[in-house]
Amino acid sequence: MRYQFPENFMWGGASSGPQSEGGSCEGRKAPNEWDYWFSINPERFYNNVGPSRTSDFYHKYKEYIKMMKEAGVKSYRTSIQWSRVILNREGEVNPEGIQFYHKVIDALREAGIEPMLCLHHFDLPYYWVEKGGFENRDIVEAYTHFASVCFQEFGKKVTYWTTFNEPIIIPETGYFYQRHYPAVCDAQRAVNVGYHIQLSSSCAVREFKRLGMPGKIGIVINLTPSYCENPQDEKDVQASKTVDLIFNRSFLDPSVLGVYPKELKELLDSENLTVPVKEGDLDIIRQNTVDYLGVNYYHPRRVKARVTPFEGPLMPDKYFEPYTFAGQKMNTSRGWEIYEPAVYDIAMNIKENYGNLPWYISENGMGIMDEEQFMDAEGMVQDDYRIEFIKGHLKYLHKAIEEGANCFGYHLWAPFDCWSWSNAYKNRYGLLRVDITDGCKITMKKSGKWFYTLSDTNGFDE
């Protein structure tokens, strides 16, 4: 069977500034939260590999872009590091940072690759971390200033903008599950952070419109469908709805519809959690919805009503327990379930409940440990597992598009191996292999050759 995608479908890849660039102390870049956290707790990072070099895109961007083109990447989303562009809390612009991103954008354009730029990918400048980060309302104005500088500098060259990547991850991992800095568990602080992020996003959209920018502005949200164990059990169904409310709709609804779900307010009220709303805020959110949506999808969430008492500080886990089942298909390297039909479910949800606004798969990928074991005699990684992973998800995306889903692209995480926060290079995701022990030498994987054909022919046969 032939799976042919619509004309002008955007095939590409995604990474981020802090996960690819390196050069963390070069070009007058200010430290960010990862630079700081690694400096005080290097043991929390896999093999003690920190953010200073990562994949060295800062020095090797021309080579990466050349190789990405050879792997069929026709559009590339990365992020502008706030700490590389703005030097301090006073908002002083760093000309060296601006020049770097101009060079990257120009090189992408020259290679025929559409640049798509994100303004925040978990990389808060340390000068704001030490003032409370997104707990501090003053950051909304500072973020809007940063966004405005980027729009005015790069807006004539960049059509697709994103305010935040996976905004829920910041309160989720930093203020509940302690996987990102500041690694605390405090529900009220998490609420404050989440609200100020949403307000910052909406203010950036407003600034984009005020400046009359010619492109489009969206947000990237990691939509993780929640499937309950027993659809006939009201408690299981409610657990699934609550989890969806917390992890998906808390940013999806205000970003796309301009309003928070009333059920979310009721949930917060029931836990005596207050949202730091000021007069005029909700009008800003209501009037400044996104033009398009990026959807990051890796795995589903399997939930059921709690059967064991919840103990400890307030966390989302109070409302659910995970479950497993026989025959679950797993990526054992990452510990994530592989469930391709969720792509179709996500697409139908957007179509039926969110106005079928334009959207694309902004991240989807498979991280594998010890990928060296799959190298052939010529040194090429024979990653057939990644090819099958992509095909499986694209089949369900194709089905959704055939049924009217307004999806305009598919981006793989990632076009090349990159640094994955505290996991560093534990799991490899790229179409291109990066040997961090050999000057970040870049080589093509089998999936890169396959992806070129996919992109070139706008589909695949099965």
Side-chain angles (χ1 to χ4, degrees), residues 14-20 24 31-52 54 79 118 120-126 128-129 132-135 164-194 196-197 220-224 226 243 246-248 250-251 296-303 310-322 330-337 363 365-369 413-414 418-429:
S15 184
S16 79
Q19 293 176 272
S20 66
S24 63
N32 65 28
E33 58 188 289
W34 296 97
D35 299 317
Y36 172 71
W37 202 16
F38 183 76
S39 74
I40 60 171
N41 292 124
E43 73 283 353
R44 295 191 68 140
F45 294 76
Y46 185 75
N47 285 346
N48 286 357
V49 175
S52 61
T54 63
S79 66
C118 179
H120 194 274
H121 199 121
F122 314 150
D123 57 327
L124 197 62
Y126 180 66
W128 274 110
V129 171
F134 282 101
E135 296 177 63
F164 283 84
N165 174 79
E166 299 185 346
I168 189 62
I169 292 295
I170 301 171
E172 177 187 341
T173 60
Y175 293 84
F176 280 125
Y177 297 99
Q178 303 174 56
R179 294 192 297 269
H180 287 193
Y181 193 81
V184 297
C185 186
D186 188 312
Q188 183 58 65
R189 291 170 71 182
V191 169
N192 295 346
V193 165
H196 289 147
I197 291 171
V220 167
I221 298 180
N222 50 317
L223 295 183
T224 305
S226 299
V243 169
I246 295 170
F247 291 108
N248 295 326
S250 56
F251 284 99
N296 291 356
Y297 172 69
Y298 290 94
H299 59 85
R301 187 176 274 112
R302 303 289 181 175
V303 303
F310 177 78
E311 298 178 352
L314 178 61
M315 295 180 69
D317 303 57
K318 175 180 177 179
Y319 301 101
F320 74 99
E321 288 181 345
M330 300 293 293
N331 172 2
T332 54
S333 289
R334 198 65 180 84
W336 286 346
E337 181 185 354
E363 288 181 28
M366 188 180 200
I368 296 294
M369 282 185 67
W413 184 277
C418 58
W419 185 76
S420 294
W421 316 116
S422 59
N423 277 334
Y425 286 87
K426 181 180 181 181
N427 297 291
R428 301 300 187 105
Y429 289 84

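Position 1 is the first residue of the sequence, and the numbers go up from there. Just the heavy atoms: all of them, side chains too, but no hydrogens, waters or symmetry mates, feed the values below.
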For the pair H180 and Y175, evaluate side-chain contact (heavy atoms from CB on, under 4.5 Å) and give the outcome as yes or no after the intermediate values.
-> CA-CA 8 Å; H180 287 193; Y175 293 84; over 6 Å; no

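- Between the side chain of E166 and the backbone N or O of N222, no donor-acceptor pair lies under 3.5 Å.
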Going through the distances and angles, do T224 and V243 end up as a side-chain contact (heavy atoms from CB on, under 4.5 Å)?
-> CA-CA 10 Å; T224 305; V243 169; over 6 Å; no

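- Partner W421 forms a ring-ring contact (aromatic ring centres under 6.0 Å, His included) with one of F45, W34, Y46, F38 and no other, that one being W34.
- Residues S333 and I368 come closest through the heavy atom pair OG-CA, 3.7 Å.
- The minimum heavy-atom distance linking F310 with P313 is given by the pair CZ-O, 3.3 Å.
- Between the side chain of H121 and the backbone N or O of N165, no donor-acceptor pair lies under 3.5 Å.
- Shortest non-hydrogen contact noted between N48 and E43 is OD1-CA, 3.6 Å.
- At least one donor-acceptor pair closer than 3.5 Å links the side chain of Q19 to the backbone N or O of W419.
- Taken from NZ in K426 to CE in M369, the straight-line distance is 5.5 Å, to the nearest 0.5 Å.
- Exactly one residue among V191, I246, I197 makes a side-chain contact (heavy atoms from CB on, under 4.5 Å) with P171. That residue is I197.
- Minimum interatomic distance between P51 and D35 (heavy atoms only, all atoms of both residues): CG-OD1, 3.4 Å.
- With hydrogens and angles left out, the side-chain atoms of Y298 and E363 include a donor and acceptor closer than 3.5 Å.
- Using bins of under 30°, 30° to 60° and over 60° for the plane-to-plane angle, the ring pair F164/H120 lands in the tilted bin.
- In this structure, W336 contributes its side chain and G367 its backbone to no donor-acceptor pair below 3.5 Å.
- A donor-acceptor contact closer than 3.5 angstrom is absent between the side chains of R44 and Y181.
- Smallest separation of non-hydrogen atoms from T54 and Y425: C-OH, 2.8 Å.
- In terms of heavy-atom proximity, G17 sits nearest to S79 at N-OG, 2.8 Å.
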